[in-house]
Amino acid sequence: MSTYGGRVSGHWRAFRRSPYLPAAVIVLIAAAAAGFFAGSYTYAMAKPTPRHLPVAVVGTPDEAFLHALRGRLSASLDTRHYPDYPQAVDAVEAQRVFAILRTRNGAAELDIASAAGASVAELLTGDARAAARAAGTDLRITDLKPLHPGDPRGLALFYISIAAVIIGFLGAVQLSAQAAALNPLERTLATAAYALLGGLAIVLVVGWVLDAVRLPFLASWTILSLTMFASGMIFTMFNTLVGRWAILPTWGLMVMLGNPSSGGAVSWPLLPSLLGAIGRWLPPGASVNAQHTAIYFPGHPHAQPYVVLIGWAALSCTVFAIWRHRHPGGR
């Protein structure tokens, strides 16, 4: 029995020293990651359900229509009363509400804002038409903030955010693999350099060459560069803390959690409540939010998404600077 135990122990020691152990670990991790990756996107996007949907109400609404609309949207409809139409429009511009409801000339009027959230506008349009039929009410629908013709589904901002996030940390992965001798300052400057050039490339291709959406040059370039830099430095931070397995927490935070909860593909009011709450505090959500405001609501800028992007970049740089001696690279 002791001889058998010794053989097993010897085989295990040999296996641990061989390249087969990390290969086996990677096989298991990749299989699990595939399931979690598919599950995270499916959970967030497969069946969007409204959970809190603020809508401006001007004047006295058609009660039968409003009751029918509430019935279709369950308890998620949050009606906010405004004394006049211009103030309600200002609330849409400030992204405090997603639509305006009023009654004029004997008909219910619903003013949506596709740019505020295409999935929300689509949901409101379908449910409002059904509610109007049920209440026997005439309904007129107007889009106050239509999307750019080159981006009819409103997904361009989601795609450019994904590009900035993934290329942002893949650039840092390649720096770690191909330019391991860089010292901490050189590594940070190299990350900033490809972030600036990468942000510029995205703006030129998506905004100018393809004309998918009109990107305000300076604002969009700044947002995309910040996103790429933060993403790259987050990988560098994890590479400092956990070494060669840094891709795992980076991928989990930025891709499996950050992208589905960003509000780019499915607006935040339609996401599961936990994802909707945390998404805007992660770099992908902050990037989508900042682009969204810069493009469609430039008169009402918000500081929060920029604070989030700068905050993640500053945290990552600080951790890297303090524990730089633990980073596997350098000279």
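Computation of the quantities below employed the complete heavy-atom set of this structure, encompassing side-chain atoms and omitting hydrogens, waters and symmetry-equivalent molecules.
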So does Ala212 get a backbone contact from the side chain of His148, meaning a donor-acceptor N/O pair under 3.5 Å? yes
For Leu155 and Gly264, which heavy atoms make the closest approach, and how far apart are they? CD2-O, 4.0 Å
Hey, does Ser316 have a side-chain heavy atom less than 4.5 Å from the side chain of Phe229? no
Smallest separation among heavy atoms of Ala164 and Leu224, with atom names: CB-CD2, 4.0 Å
Roughly how far, to the nearest 0.5 Å, is the OH atom of Tyr306 from the CG atom of Leu226? 8.5 Å
What are the two closest non-hydrogen atoms of Ser267 and Ala116, and how far apart are they? OG-O, 4.5 Å
Rounded distance [0.5 Å steps], CG in Asp151 versus CG in Leu210: 11.5 Å
Thr293 and Gln95 side chains, donor-acceptor separation under 3.5 Å: yes
So, do Ile202 and Trp221 sit near enough that their side-chain heavy atoms are less than 4.5 Å apart? no
What one should report as the nearest heavy-atom pair of Ser231 and Val165 is OG-O, 2.6 Å
Is there a path of hydrophobic side-chain contacts, each under 4.5 Å between heavy atoms of I, L, V, M, F, W or Y residues, that connects Leu170 with Leu257? yes
Could you list the residues that satisfy side chain to side chain donor-acceptor pair (under 3.5 Å) with Gln87, not counting sequence neighbours? Asp84
Please determine whether residues Ile160 and Ile166 belong to a single hydrophobic cluster, defined as Ile, Leu, Val, Met, Phe, Trp and Tyr linked transitively by side-chain heavy-atom distances below 4.5 Å. no
Same cluster or not: are Phe65 and Phe98 linked, directly or through other Ile, Leu, Val, Met, Phe, Trp or Tyr residues, by side-chain heavy atoms under 4.5 angstrom apart? yes
Hydrophobic clustering (ILVMFWY, side-chain heavy atoms < 4.5 Å, transitive) - are Phe320 and Leu175 grouped together? no
Check step by step if side-chain contact (heavy atoms from CB on, under 4.5 Å) holds for Tyr159 and Val213. CA-CA 12 Å; Tyr159 295 146; Val213 62; over 6 Å; no
Linking Ile, Leu, Val, Met, Phe, Trp and Tyr through side-chain heavy atoms less than 4.5 Å apart, which residues share a cluster with Leu218? none
Please round to the nearest 0.5 Å and tell me the distance separating atom CZ of Arg72 and atom CG of Leu123. 9.0 Å
Is there a donor-acceptor pair closer than 3.5 Å between any side-chain N or O of Arg326 and the backbone N or O of Leu241? yes
Are any of the side-chain heavy atoms of Leu215 and Gln291 separated by less than 4.5 Å? yes
Which atom names give the shortest non-hydrogen contact between Ala99 and Ile112, and what distance separates them? CB-CA, 4.2 Å
Just by distance, no angles: are the side chains of Ser114 and Asp143 close enough, under 3.5 Å, to form a donor-acceptor pair? yes
So which heavy atom on Val92 is nearest to which on Ala113, and how close? CG1-CB, 3.8 Å
How are the rings of Phe169 and Trp251 set relative to one another: parallel (under 30°), tilted (30 to 60°) or perpendicular (over 60°)? perpendicular
Once you round to the nearest 0.5 Å, how far does CD1 of Ile247 lie from CZ of Phe235? 5.5 Å
Give the cluster check for Met256 versus Ile162: same hydrophobic cluster or not, with ILVMFWY residues linked at side-chain heavy-atom distances below 4.5 Å. yes
Side chain to side chain donor-acceptor pair (under 3.5 Å) pairs touching residues 191-210, sequence neighbours excluded, are none
Thr103 side chain reached by Thr60 side chain, heavy atoms, under 4.5 Å: no
Test side-chain contact (heavy atoms from CB on, under 4.5 Å) on Ile100 and Tyr82 and set out the steps. CA-CA 10 Å; Ile100 302 172; Tyr82 290 86; over 6 Å; no
Ignoring hydrogens and geometry, is there a side-chain-to-backbone donor-acceptor pair from Ser261 to Gly258 under 3.5 Å? yes
Under a 4.5 Å cut-off applied to non-hydrogen side-chain atoms, are Leu315 and Ile234 in contact? no
Taking C-beta and beyond as the side chain, do Trp323 and Met237 meet within less than 4.5 Å on heavy atoms? no
Write out all pairs satisfying side chain to side chain donor-acceptor pair (under 3.5 Å) with one or both partners inside residues 235-249, taking only residues at least two apart or from two chains. Ser176-Asn239, Asn239-His327
Under 3.5 Å, is there a donor-acceptor pair between the side chain of Thr188 and the main chain of Pro184? yes
Hydrophobic cluster partners of Leu185 (side-chain heavy atoms under 4.5 Å): Leu189
CG on Asp62 to NE2 on His67, rounded to 0.5 Å: 12.0 Å
Hey, does the side chain of Ser262 reach the backbone of Asn259 with a donor-acceptor pair shorter than 3.5 angstrom? yes
Hey, could you give me each pair passing salt bridge (Lys or Arg N to Asp or Glu O under 4.0 Å) that has a residue in residues 95-109? Not counting sequence neighbours. Asp90-Arg96, Arg102-Glu109, Arg104-Glu109, Glu109-Arg140
Hey, could you give me the CD1/CG distance between Ile223 and Asn289, rounded to the nearest 0.5 Å? 9.0 Å
Any heavy-atom pair between the side chains of Phe238 and Leu248 that's under 4.5 Å? no
Let me see the working for Leu77 and Leu69 under side-chain contact (heavy atoms from CB on, under 4.5 Å), right down to the final yes or no. CA-CA 8 Å; Leu77 189 65; Leu69 186 59; 4.2 Å; yes
Before giving the answer on side-chain contact (heavy atoms from CB on, under 4.5 Å), spell out for Arg324 and Asn183 the whole-Å C-alpha distance, their side-chain angles and the decisive distance to 0.1 Å. CA-CA 9 Å; Arg324 59 188 178 276; Asn183 67 35; over 6 Å; no
